[in-house]
Participant: 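The structure that follows is given in the form of structure tokens.
Counting starts at 1 for both ligands and their atoms, following the listed order. Only heavy atoms go into these numbers, but all of them, side chains included; no hydrogens, no water, no symmetry mates.
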Amino acid sequence: MNPVIFNRAAITGREIEYVTRAIAEGPIHGDGPFTRACHEWLERLTGSPKALLTTSCTHALEMAALLLDLQPGDEVIVPPFTFVSTVNAIALRGARPVFVDIRPDTLNLDETLVETAITPRTRAIVLVHYAGVACEMDAIMAIAARHGLAVIEDNAHGLFGRYKGRQLGTFGSLATLSFHDTKNISCGEGGALMINDARYVERAEVIREKGTNRTRFYRGQVDKYTWCDLGSSYLPSDILAAYLLAQLESHAAIQERRHAIWSRYSEALAPWAAQSGARLPIVPDGCEHPGHIFYLLMPSLEARTALLAHLRTRLILAVFHYQPLHLSEMGRKFGGRAGQCPVTEDVSDRLVRLPIFFQLSDDEQARVIDAVTEC
Ligand SMILES: Cc1ncc(COP(=O)(O)O)c(C=O)c1O
């Protein structure tokens with residue numbers, strides 16, 4: 001019996017053709033023709049004034065922190081149930097992440113706890129749409145407006161997700177995407193910064209090009225380029241953009257398959273969940289998710305350990321995440337302590353992610369469902 005792996009990046013057919021064209025036609029450095037095509041594609045999808053491909057979502061988050069001019073002494077509200085990059089970007093600027101717990105239903109930043117965490121030093125709210133299910137954006141945007149805070153959406157999970165009909169990643173002044181190979185659409189390693197507040201566009205181009213105005217130079221707007229701001233090399237090669245464009249153009253097939261897998265898990269596992277005290281993902285009214293993650297919340301850590309071990313005996317690889325960031329070595333340096341974010345601490349012990357990817361076959365998924373329900 002073959003193992004059922006946890007994830008394999010989708011391959012939809014035209015990736016090699018586009019990569020070959022990128023190499024043949026050139027140039028293959030950043031911001032070539034395929035990068036421009038990806039920018040246009042993402043701008044068309046979201047209506048954001050500007051998309052900029054980056055080498056990762058991590059780097060897009062770092063660009064966002066630079067654009068906000070975060071400084072030592074500044075505070076930024078973040079959920080502790082996220083990937084480390086969400087907070088590293090803040091800490092790299094010397095600012096302090098302030099951990100605010102998540103909601104027990106969506107596992108997103110709990111909007112009812114945000115306001116009490118705001119101080120005169122608070123500059124921004126960085127949120128994550130966990131599994132591509134939207135945060136409560138009406139409430140969060142209203143809080144941000146009342147206190148004059150920037151909102152950054154870490155939308156690593158949520159490309160194609162919607163809140164009340166509007167694409168995720170279009171609410172905050174800045175949003176970030178991931179095209180890591182664990183994501184629905186990927187180029188191995190990659191990301192994007194989506195700029196919804198046009199005031200950031202010119203400076204973002206500079207930060208992404210090593211702190212220079214080389215982008216303006218390429219457009220013929222200046223006759224030489226020079227160092228004008230802080231920056232780094234955040235733009236991917238056009239070879240990666242070629243691969244990515246092929247994936248973006250095939251998004252309908254990828255999304256359809258992922259939704260089918262997600263819905264089948266949801267229907268097939270509902271009776272088992274009701275009996276065993278496990279809970280399946282909750283998608284509130286008004287939220288459309290992109291089929292990125294299918295998770296189970298087991299009743300206890302022991303039940304999770306037993307399920308993972310049982311799945312392994314059936315050659316099925318399921319995984320868990322995230323470790324609470326406020327309790328990590330770095331999180332504690334920022335004042336994190338046990339009991340500070342009880343929902344995160346509880347959920348991170350109980351969550352299991354099941355295999356969900358484009359090429360997962362119906363038979364493989366049936367094996368996963370059978371193995372879960374017999375546990
Ligand atoms: C919520 C979140 N933010 C950021 C990242 C970082 O993405 P990347 O690997 O593209 O840097 C991830 C990666 O999985 C993530 O889950």
Participant: Measure the distance from atom 3 (N) of ligand 1 to every protein heavy atom, then report the residue, atom name and distance (to 0.1 Å) of the closest one.
Facilitator: Asp154 OD2, 2.6 Å
Participant: Find all atoms of ligand 1 within a distance of less than 4.0 Å from any non-hydrogen atom belonging to Val128, and give their numbers and elements.
Facilitator: 1 (C)
Participant: Could you find the nearest protein heavy atom to atom 11 (O) of ligand 1 and give me its residue, atom name and distance?
Facilitator: Thr58 OG1, 2.5 Å
Participant: His157 and His289: aromatic ring centres closer than 6.0 Å?
Facilitator: no
Participant: Report yes or no: does a heavy atom of Thr182 sit under 4.0 Å from some atom of ligand 1?
Facilitator: no
Participant: Checking a contact table here: which protein heavy atom is nearest atom 7 (O) of ligand 1, and how many Å away?
Facilitator: Cys57 CB, 3.3 Å
Participant: Atom OG1 of Thr176 and atom CD1 of Ile195: how far apart are they, to the nearest 0.5 Å?
Facilitator: 12.0 Å
Participant: Within the 4.0 Å heavy-atom shell around Ser56, which atoms of ligand 1 are there?
Facilitator: 10 (O), 11 (O)
Participant: For atom 5 (C) of ligand 1, what is the closest protein heavy atom, and at what distance to 0.1 Å?
Facilitator: Phe83 CD2, 3.5 Å
Participant: Would you say Tyr130 touches ligand 1, if touching means a heavy atom closer than 4.0 Å?
Facilitator: no
Participant: Evaluating non-hydrogen atoms only, which member of Lys183, His180, His157, His59 is closest to atom 13 (C) of ligand 1?
Facilitator: Lys183
Participant: At under 4.0 Å between heavy atoms, which part of Tyr322 makes contact with ligand 1: side chain, backbone, both or neither?
Facilitator: side chain
Participant: Going by the atom numbers of ligand 1, which of them fall below 4.0 Å from some non-hydrogen atom of Thr82?
Facilitator: 1 (C)
Participant: Give the atom numbers and elements of ligand 1 that come within less than 4.0 Å of a heavy atom of Gly190.
Facilitator: 10 (O)
